[in-house]
2 protein chains.
Amino acid sequence: MATIKDVAKFANVSVSTVSRVLNASGYVEKNTEERVLAAIKQLNYKPSQIARGLVNKQTKTFGLVLPDITNPFFPELARGAEDEARLHGYNIMLCNSDWDIEKEKMYLGILQEKCVDGIILVGSRLPEAYLAEMLAAFATPLVLLDRTSSLEVHSISINNILSGYLATKHLIEQGYRSIAHIAGTPSPTVEQRLIGYKQALAEHDILFDEVLVFQGDYRISGGATAMQRILRLRNLPDAVFCDNDLMAIGALEALQEAGIKLPEQMALVGCDGISLGKYVCPRLTTIFQPTYKMGSMAVQLLFETIHKGEATAFKHIEMEPVLVVRESSPRKHNCQEQ
Amino acid sequence: MATIKDVAKFANVSVSTVSRVLNASGYVEKNTEERVLAAIKQLNYKPSQIARGLVNKQTKTFGLVLPDITNPFFPELARGAEDEARLHGYNIMLCNSDWDIEKEKMYLGILQEKCVDGIILVGSRLPEAYLAEMLAAFATPLVLLDRTSSLEVHSISINNILSGYLATKHLIEQGYRSIAHIAGTPSPTVEQRLIGYKQALAEHDILFDEVLVFQGDYRISGGATAMQRILRLRNLPDAVFCDNDLMAIGALEALQEAGIKLPEQMALVGCDGISLGKYVCPRLTTIFQPTYKMGSMAVQLLFETIHKGEATAFKHIEMEPVLVVRESSPRKHNCQEQ
DNA sequence: CTGAAAGCGCTTACAG
DNA sequence: CTGAAAGCGCTTACAG
């Protein structure tokens with residue numbers, strides 16, 4: 001690769017001058033500029049962002065740590081982040097943490113070493129105490145996505161209590177009384193959903209029954225396994241609310257294998273609003289979340305902190321989930337309709 | 001952020017010594033080492049990969065340019081790449097090109113400026129001529145994924161001719177005679193699939209009819225639109241082969257809206273093997289591709305070129321597609337079964 | 001075993 | 001308008 005020195009030599013000027021035309025900073029005589037430009041072109045010179053970064057203290061890249069890009073909830077979010085970043089000439093470093101706290105920590109460390117200009121941490125399961133400690137020793141702007149925190153960090157989250165509430169209330173209103181819950185990998189989000197679930201139950205004088213809460217892992221297979229457990233219950237529930245659409249789809253599979261008809265024998269509501277849910281059979285009722293937007297907002301927040309400096313107040317943005325009723329939950333319906 | 005100087009001062013040694021303990025290069029007295037380690041911990045020092053990169057000429061990051069992470073074909077691939085990269089302490093920079101040649105060029109430029117140690121270019125639509133020119137002026141190791149080339153580059157691709165052939169042959173063997181094709185965004189891949197499609201037709205003495213080939217865009221909406229066009233044909237085909245599963249799903253939607261039963265009135269075969277296809281209704285017959293593996297292999301190839309140097313022969317690896325028959329194509333079947 | 005110096009490829013004051 | 005010098009945070013010979 002040609003360096004700025006090569007260009008300078010070729011154009012018969014100093015590196016300072018080349019730098020000036022590169023950055024359009026300071027005066028350069030028309031004639032000189034043209035020679036420099038010609039040299040750049042001739043040598044196919046590309047300024048090293050990393051050398052620049054060293055002096056400018058910026059790499060023009062953000063780190064995006066998310067649980068698993070293979071889970072259809074996250075690509076949308078990543079895309080929102082990438083699109084917004086690109087508008088400002090930034091790139092995204094993608095890291096999959098698999099809901100694993102150790103991996104999260106590892107990536108946070110690596111991203112710091114790589115001197116990213118900001119980090120978006122999605123669905124983090126890091127304990128508040130660790131987060132607090134980290135934040136103290138942390139120069140890099142950070143925004144929490146899909147995770148709340150009482151600390152001094154930007155965060156964008158869903159009103160997860162409302163998500164749990166809306167899903168459960170919908171099921172109750174459809175006439176279901178015994179509603180199981182397949183939870184995601186433990187995290188604040190999952191706790192909040194459970195609160196909403198309980199709220200809706202309480203409001204309708206249905207007793208909360210711990211036995212009806214099952215542990216899932218946000219994966220299709222985990223949803224299937226949990227549903228198989230449910231099917232072994234002496235008294236079957238008549239509806240299930242899953243903490244994400246993927247688990248709902250796994251549950252759906254298990255139900256079909258067991259020959260149980262949806263929603264007649266068992267209703268199902270997911271959570272996420274991934275587009276996949278529109279195409280399964282029966283189409284999945286879900287709680288929609290503005291994923292793409294959350295990704296782009298996170299990047300916007302990062303830019304705000306970068307530009308306005310430390311003094312900014314931290315924002316805790318909460319998005320509203322929306323119930324999307326499809327076929328898997330309303331009384332009466334079947335796959336070939338609609 | 002603390003720098004190596006701070007650590008040196010704190011530990012009362014020279015930066016050379018700190019560097020030595022950091023890299024375990026050269027001798028350091030036990031006692032000195034401990035002091036340095038303590039200083040590092042105390043100051044929460046993290047060596048700047050970017051300063052290191054400047055001298056070592058490596059950034060430990062690869063660029064991954066793919067069409068659209070939102071298309072479920074690509075996350076799997078990205079994950080394969082990321083997992084493999086992580087094993088070697090590398091990170092992935094994610095870029096979405098939207099099948100747009102200009103965006104591809106732009107990202108290729110940016111990634112060079114960012115001095116990535118290698119680039120994986122997925123599904124590139126860049127003309128061979130441009131690729132050739134680029135390769136000449138290109139120091140960065142490159143591997144083409146899901147795209148073939150006669151040039152001196154590593155490439156990993158699917159036998160796309162076989163993909164087209166398998167899909168079409170399967171349909172013919174099921175007894176369908178008039179087989180339409182919804183093609184993806186124009187690219188070598190798409191051309192090869194068409195060749196396979198024609199081969200299968202020819203083998204079974206079915207005349208190729210250009211009118212039955214439709215242009216799609218790899219998106220659900222594009223598949224739906226193409227299918228709507230097909231439905232306006234005076235003589236309806238009795239089967240359709242789509243260049244990816246997403247378009248097949250769009251086609252499926254259009255068929256359901258039109259009240260056309262699958263596969264009785266029209267059969268459908270996709271291509272990709274995304275997991276989504278297993279859950280739509282009817283379950284989609286597809287041509288499976290080992291996506292995750294392709295991602296990890298691409299990274300392996302990158303490491304090979306980095307370590308063995310320029311002299312390596314370029315590899316053109318071709319993976320075998322596999323027909324996966326589900327419900328959307330066999331004669332007799334319906335959604336509630338299985 | 002340890003430190004001073006040069007250099008990686010840039011930018012940024014500072015002279016002129 | 002242009003160039004020489006210092007410096008960003010490291011590593012790597014080279015002395016000692």
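Each chain gets a letter, A, B and so on, in the order the sequences are listed, and its residues count up from 1.
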Show the numbers, then the answer: is there a ring pair (Phe, Tyr, Trp, His ring centres under 6.0 Å) between B/Phe73 and B/Tyr218?
CA-CA 10 Å; B/Phe73 180 65; B/Tyr218 285 133; 8.8 Å; no
By side-chain hydrogen bond (donor to acceptor under 3.5 Å, both in side chains), B/Asp100 pairs with (sequence neighbours left out) none
Nearest to the side chain of B/Thr32 - C/dT2, D/dG9, D/dT11?
C/dT2
Which of parallel (below 30°), tilted (30 to 60°) and perpendicular (above 60°) describes B/Phe62 and B/Tyr90?
parallel
Measure CG/A/Asn12 against P/D/dT2 and give the value in whole Å, please.
12 Å
Take a 6.0 Å sphere around NZ of A/Lys293 and say whether it holds more than 12 heavy atoms from other residues, nucleotides or ligands.
no
Here's a test of your reading of the structure: between A/Lys57 and B/Val15, which maps to the more 5' nucleotide of DNA chain D?
A/Lys57
Ignoring backbone atoms, test whether A/Ser48 places a side-chain nitrogen or oxygen under 4.0 Å from the OP1 or OP2 oxygen of C/dC8.
no
Whole angstroms only, please: what is the CG-C1' distance between B/Leu54 and C/dT11?
13 Å
Closest to side chain of B/Val13, choosing from C/dC10, C/dG3, D/dT11:
C/dG3
Can you list everything that forms a side-chain hydrogen bond (donor to acceptor under 3.5 Å, both in side chains) with A/Tyr107? Sequence neighbours excluded, please.
B/Glu82, B/Arg86
Need to verify one output field. Residue with the more 5' nearest nucleotide on DNA chain C, A/Ile50 or A/Ser25?
A/Ile50
For B/Met319 and B/Pro290, which heavy atoms make the closest approach, and how far apart are they?
CE-CG, 3.5 Å
Measure from the side-chain heavy atoms of A/Thr17 and tell me the nearest of C/dG9, D/dC10, D/dT2.
D/dT2
I need the CG-P distance between B/Asn31 and C/dC1, as an integer number of Å.
12 Å
Charged N-O contact under 4.0 Å between B/Glu33 and B/Arg20:
no
Using a heavy-atom cut-off of 4.0 Å across all strands, would you classify A/Thr3 as base, sugar-phosphate, or nothing?
sugar-phosphate
With the side chain of B/Ile4 defined as its heavy atoms from C-beta on, choose the nearest nucleotide among D/dT11, C/dG9, D/dG3.
D/dT11
Tell me: CD of B/Gln49 to C1' of D/dC8, nearest whole Å?
16 Å
Closest to the A/Val28 side chain, choosing from C/dT11, D/dG9, D/dT2:
D/dT2
Separation of atom CG in B/Asp6 from atom P in D/dC8, rounded to whole Å
11 Å
May I ask you to say what A/Lys30 touches in the nucleic acid, namely base, sugar-phosphate or nothing, with a heavy-atom cut-off under 4.0 Å?
nothing
Contact under 4.0 Å: B/Asn56 side-chain N or O vs C/dC8 OP1/OP2:
no
Closest to side chain of A/Tyr27, choosing from C/dG3, D/dC1, D/dG3
D/dC1
Check whether any side-chain N or O of A/Lys46 sits under 4.0 Å from OP1 or OP2 of C/dG9, and answer yes or no.
no
DNA chain C in dot-bracket, Watson-Crick or G-U pairs under 3.5 Å, [ ] crossing, | other strand?
|||.||||||||.|||
Under 4.0 Å between a side-chain N or O of A/Ser16 and OP1 or OP2 of D/dG3?
no
Find the distance A/Lys114:NZ to D/dC10:P and express it as a whole number of Å.
15 Å
Go through D/dT2, D/dC8, C/dC1 for me and flag the one nearest to the B/Lys5 side chain.
D/dC8
Rounded to whole angstrom units, what separation is found between the CD atom of A/Gln58 and the C1' atom of D/dC8?
13 Å
A/Gln112 CD to D/dC10 P, straight-line distance once rounded to whole Å
13 Å
So, OP1 or OP2 of C/dC10: does either fall under 4.0 Å of a side-chain N or O from A/Tyr45?
yes
Carboxylate-amine/guanidinium contact A/Arg79 A/Glu76, below 4.0 Å:
no
Chi angles and distances behind the ring pair (Phe, Tyr, Trp, His ring centres under 6.0 Å) call for B/Phe10, B/Tyr45
CA-CA 11 Å; B/Phe10 195 94; B/Tyr45 167 71; over 10 Å; no
